[in-house]
Amino acid sequence: MTQTAVANRKTATILHLALTLGPVLFIGVAAYLRLRPGATPPPGMSHPEILQYVAYLVAVSGFGMALMLRSRLEPNESGQDEAAWWTINQPKMIVIWALIEGPMLLAGIVFLLQGSLPVVVAVGGCGFLLMLLTAPSRLSR
């Protein structure tokens, strides 16, 4: 593996870790703020379930687009230089991770505003699983 390929893989790993841990830490802070004793919920909406439906809709569309883009990554041929593979696919990988991160952050916001545990568990859990499945070590094989 060339020095450029190693640098590209390290960059992708750092980006992936930041995009994965950001929503996880936000959901953790939201859970602390929402579940602590004496916490007052924010003022209610006339139809609070709308935020939950929006979170599910954003998650389905974001995760679906991420999976579609993942299937379009160029395969790493055995004769192909790994640095060239990273150069071609790294921008696509960043878009995939952003499409997964967005719904996870939205789930944290919905949990903070409404305390909706099913949304944060379903969307946050699926997003975290997809982030693990799209890790740089798994994609460059």
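Only a predicted model underlies this, so the values are computations on that prediction, with no experimental measurement involved. Positions are given from 1, in the same order as the sequence printed here.
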Q: Please report the closest heavy-atom contact between I100 and G127, naming both atoms and the distance.
A: CG2-O, 3.3 Å
Q. What closest approach, in Å, do P103 and A59 show between heavy atoms, and which atom pair accounts for it?
A. CB-CA, 3.6 Å
(Q) What I'd like to find out is whether the side chain of P23 reaches to under 4.5 Å of the side chain of F128, using heavy atoms alone. (A) no
Q.
Restricting to non-hydrogen atoms, name the atom on R9 and the atom on S137 that form the minimum distance, rounded to 0.1 Å.
A. NH1-CA, 4.1 Å
Q: Keeping the roles fixed (side chain from H16, backbone from W97), state whether a donor-acceptor pair exists under 3.5 Å.
A: no
(Q) Using only atom types and a distance under 3.5 Å, with no angle test, would you say the side chain of R36 pairs donor to acceptor with the backbone of A31? (A) no
Q) Are R72 and K92 side-chain neighbours, meaning at least one heavy-atom pair lies under 4.5 Å? A) no
Q: Spell out, yes or no, whether M93 and L129 are grouped together once hydrophobic residues are joined by side-chain heavy atoms under 4.5 Å, including indirect joins.
A: no
Q.
Hydrophobic cluster membership, with links at side-chain heavy-atom distances under 4.5 Å among I/L/V/M/F/W/Y: are F26 and L132 in one?
A. yes
**Q.** Cluster check V95, M131: I/L/V/M/F/W/Y, side chain < 4.5 angstrom
**A.** yes
Q. Shortest non-hydrogen contact from L19 to A98?
A. CD1-N, 4.5 Å
Q) W85 side chain to Q90 main-chain N or O, any donor-acceptor pair under 3.5 Å? A) no
Q: Drop me the distance from N8's CG to T13's OG1, to the nearest 0.5 angstrom.
A: 10.5 Å
Q) What distance do I94 atom CD1 and N89 atom CG have between them, rounded to the nearest 0.5 Å? A) 11.0 Å
Q: To the nearest 0.5 Å, tell me how far T20 OG1 sits from M104 CE.
A: 6.5 Å
Q: Hydrophobic side-chain clustering at under 4.5 Å (ILVMFWY, transitive links): who's grouped with L117? Put none if nobody.
A: I27, L35, F111, V120, V121
Q.
For G108 versus A30, what's the shortest heavy-atom pair and its separation?
A. O-CB, 3.9 Å
Q: Check whether L57 and L67 end up in the same hydrophobic cluster, where Ile, Leu, Val, Met, Phe, Trp and Tyr are linked by side-chain heavy atoms less than 4.5 Å apart.
A: no
**Q.** Single-linkage hydrophobic cluster, 4.5 Å side-chain cutoff, I96 and M65 together
**A.** yes
Q.
Could you report the tightest heavy-atom contact between V123 and F63, atom names first, then the distance?
A. O-CZ, 3.7 Å
Q: With rounding to the nearest 0.5 Å, note down the distance linking CH2 in W86 to OG1 in T11.
A: 9.0 Å
(Q) Please report the interatomic distance CG(L51) to CG(L113), rounded to the nearest 0.5 Å. (A) 6.5 Å
Q) More than 12 foreign heavy atoms under 6.0 Å from OH of Y56: is that the case here? A) yes
